[in-house]
Structures are given as structure tokens and as C-alpha cells.
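Before any comments, here is the structure.
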Amino acid sequence: MEKIVIMKFGGSSVGDVSKIKNVADKILAKKKAGYKIVVVVSAPGDTTDDLLKMAYDITKNPDDREMDVLLSTGEQISISLLSISIKVKGIDAISLTGSQVGILTTDSHTKAKIKEISSEKILLELAHNKIVIVAGFQGVTEDKTITTLGRGGSDLSAVALAAVLEAECEIYTDVEGIYTTDPRIVEKATKIDYISYDEILEMASLGAGVMHARAVEVGKKYGVVIHVRSTFTETEGTYIVEEDSAMEDVVVRGVVFDKNQVKISVLHIPDEPGVAASLFESLAKSEVNVDMIIQSTAENNKNNISFTIDKSDLAKAMIVVKVLEENGTKILYDDEVAKISIVGVGMKSHAAVASTMFKALADNEVNIHMISTSEIKVSCVIDFVKLEVAATAVHKVFGLDS
Ligand code: ASP
Ligand code: MG
């Protein structure tokens, strides 16, 4: 039997009609190569943003259920136009919405979770030798209400379908794969051939705009090999796979940064039990996401605590910490910082990884404000203006330069 392959095309790959025709040609070439094909597409270009804007032009608080009805229309444009483009070439195709496929989700609108996917309809159409084109990012609840899976959710649709159909999964996008770092900042960034699920999840959580994290989680859970590659070239991209021992030979897989951080320092706070608990409890209550935290050694029964948050949470966080000033605590914040991180499963079996990073930063006169580590990452908060110098140096010292 022919193998099934999922080909997922993002919004930039189907941005206009000529691009859609190009995608149709790619699909037909794959079909000729002897595959059964299930295509998943996103909405064309900025369609989803445009739809959101229209609703927000009416009200700040649009109804969730209706938002899903609205947002799911973007993907319907892509599936129908793509199906038309394939059919004019004399090959049979069928477009299907999430609901027609039977992608069953929870009812948490705009961020629904996939509960179950029925493969019946897709397998039937494939058996009729059709190319099946599925709308990404959308599903349906048991009572037939349309849902969407959260921004960027078409990746998730593709990987979940690959899991159910035991298919290969190709994610086509406007870059050639996943890079060791952002090529716009470090010229010598290189394409990664293989990366583990855990590494890419870590990179995503550290601020890299790579793949949709839930899609990778599903890939990991069901052992779906995900091939991220370019729509516009034939070059092999990056394979996201289960880690094997050979992968640990590479100490650092990538260098990631987050330019959206702010550091808040709370100085001379009383050194007694419950102080940190109440501070971070209040921040949590205000829905401020805290990332790194350091507390220095107490002096004269006073402590200094610094932490980082997302820039967008600064106003909320300041309301919480300002209250502490009444008792002689001083509050400072610094929004000219950035976080630079190295990620790699090889760190588990190699020593001196952190010190190598610190040394590279020191040699380039980059001061480190904060440090945090996990089994497969080391992160440093540094001055924003030093980001490029720091990234270039760290990328080089771990042998990642092209
Ligand atoms: N069209 C949706 C979005 O822009 C889903 C996707 O692109 O994956 O978020
Ligand atoms: Mg999109």
C-alpha cells in the first residue's frame, strides 16, 4: 500500500493565488512519487489577523463562540482554492473542514484541545484516490459547535492527523528548517538536520518562534517524525525526532533569545519566612508570569529579590510591587535587558557547558545579570544592547558557526 504523508502549508505558503498554485504543483509532484496525500493548510497570509481586527473594531470583548465561527473561515478559503487548483490539473481532490473530518475538541473556544480524530472519512476519500485537503486550526465539539485550537494551531492539526493516520508529517514553511539561532541576528546561523522533541520544546519555551509547542508535544507522545522544510525549495529541512544517544554528541543544539523581558528588583525586603511567598502569590493572582528569580544572601535581615517577566506584564507587575514601597523596600526595573539561552540534550553528559558560555560572554565584555539552568539549558539575562555580540560569541564558542 502507498504510504500516507501529511503535507502542512502555513499561511505564508498560501498567501495568494499564485502561491496556492505553486503548492498544488508540489502536492502533485509528491503524488507522482507514490504517496497518498493529506494536506493541512492555514489561512492565507494575514487573514486570521485581519479577521481578528474586524471583530475588535466592533468590540473589545467579542463573543468566543462567534470568534471561532469567524476565525475558522480563513482556513476554508485556503482549502477550497487549493482543491480547485488541483482539480483543474485533472487530479481529484476534496476539501474538508475540521468538522467534516471529525476533529472532535473540547468546548474551550479559541483554545480548544483535540479530544479525538476520526480517520474514517479521510481513509475513505484516500481509498477513492483523492487528495484530501483539511482545514487546519479548527475542530468541532460534540454538539457541533465550531472551535479553533489557538494561534498557530494548524501545526497541531497536522501532527495530530499524522499520529492518527500513522503517517509521515511534513511542515512546509517560508524558511528551510530550524536554525541554530536567528539568522537575522547571527549571520553564521546554520540549519539543524536533526533536533529532539525536548530541545525544540525548550527552545519554544525560551522565546524562539519555532514550531507550535503543543504540536511538538503531540509529536513526541505519538512518535511522529516531523520534517520542517521550505515550500519554495526542494532542500531537506530539519527532522524533529526522539532523542538518541548520538544526539548527545552535540553539546549545544541552538542559541535562543528573548527580547521581551523586563527585570524587576525588590531591594531591602525583610528577610523572614513568607515574604517571597506573598510577593509571588500576589504576582500570580494578577496573572503575571514570572520567569527567572534570584534572591541574594541576606544582610542586616534584609534581602534583595530580582525576577524577570514579559514586557507586556510590566504595568500589572508594578501595581503589585509598588505596594511594598510603604515599608521601606525599593523597587527598580530594567526593560533594556534580554535573555540569551543555550539548549542541547548533550549538556546532560558534558561538563563545563555553563562556564564555557560565561567565559565567551566575559571575553566580549558582556555582563551577566541573572543565570538559570535546567538539565538541557543555560540562560543568562544580559543588557539588550549586547545581545548581538553575545549571541555571535556563544554561537561560535559551541562550534555552531557555518
Ligand atoms: N491561521 C491560524 C493563525 O494564524 C492558524 C495557523 O496559522 O496555524 O494562527
Ligand atoms: Mg497563520
Side-chain angles (χ1 to χ4, degrees), residues 6-17 19-20 22-23 26-27 38-57 62 64-83 95-101 103 105-106 108-114 117 132-140 146-163 169-175 177-178 200-201 204 207-219 224 226-232 237-238 240:
I6 310 288
M7 300 173 81
K8 183 260 170 178
F9 294 90
S12 55
S13 303
V14 293
D16 58 40
V17 168
K19 285 187 175 154
I20 291 176
N22 169 54
V23 164
K26 267 199 113 82
I27 294 167
V38 177
V39 182
V40 175
V41 271
S42 299
D46 297 328
T47 308
T48 310
D49 288 319
D50 297 343
L51 293 168
L52 273 168
K53 187 169 178 308
M54 280 196 260
Y56 285 112
D57 280 347
D64 274 354
R65 178 193 182 278
E66 301 310 327
M67 280 313 273
D68 277 348
V69 176
L70 176 69
L71 295 184
S72 62
T73 61
E75 273 68 13
Q76 280 199 55
I77 298 173
S78 305
I79 56 171
S80 50
L81 290 176
L82 186 55
S83 187
S95 67
L96 297 173
T97 62
S99 149
Q100 287 173 311
V101 169
I103 300 180
T105 73
T106 59
S108 36
H109 284 291
T110 72
K111 46 182 181 301
K113 294 217 156 65
I114 297 178
I117 297 182
V132 179
I133 304 170
V134 178
F137 174 57
Q138 57 178 262
V140 69
I146 296 173
T147 52
T148 63
L149 308 175
R151 296 306 306 271
S154 300
D155 283 348
L156 177 61
S157 311
V159 176
L161 278 167
C169 187
E170 297 185 324
I171 305 282
Y172 286 88
T173 177
D174 53 0
V175 290
I178 293 155
I200 197 141
L201 284 170
V210 276
M211 259 197 64
H212 193 275
R214 260 162 65 208
V216 180
E217 276 161 12
V218 170
V224 176
I226 305 169
H227 184 186
V228 181
R229 60 189 308 185
S230 166
T231 309
F232 307 105
T238 302
I240 307 175

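Since the model is a prediction, treat every value here as computed from it, not as a measurement. We count ligands from 1, going down the list as the structure has it; atoms in each ligand are counted the same way.
Backbone and side-chain nitrogen or oxygen atoms of Lys8 are examined, and none is located within less than 3.5 angstrom of a nitrogen or oxygen of ligand 1.
Thr110 places no side-chain N or O within 3.5 Å of a backbone atom of Asp64 that could act as its donor or acceptor partner. No donor-acceptor pair closer than 3.5 Å links the side chain of Thr73 to the backbone N or O of Val69.
In Glu75, the part holding a heavy atom less than 4.0 Å from any atom of ligand 1 is the side chain. Of all the heavy atoms of Ser154, the ones lying under 4.0 Å from any atom of ligand 1 are found in both the backbone and the side chain.
Under a 4.0 Å criterion applied to the non-hydrogen atoms of Arg151, ligand 1 contributes the atoms 3 (C), 4 (O), 9 (O).
Remark: distances from the non-hydrogen atoms of Gly153 to ligand 1 include one below 4.0 Å. At least one heavy atom of Gly152 sits less than 4.0 Å from an atom of ligand 1.
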Exercise for the section: Step by step, work out the side-chain hydrogen bond (donor to acceptor under 3.5 Å, both in side chains) result for Asp68 and Thr147. Expected result: CA-CA 5 Å; Asp68 277 348; Thr147 52; 5.4 Å; no
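Taking 4.0 Å as the cut-off between side-chain N and carboxylate O, Arg151 and Asp49 count as a salt-bridged pair.
Under 3.5 Å, the side chains of Thr231 and Ser13 contain a donor-acceptor pair of N or O atoms.
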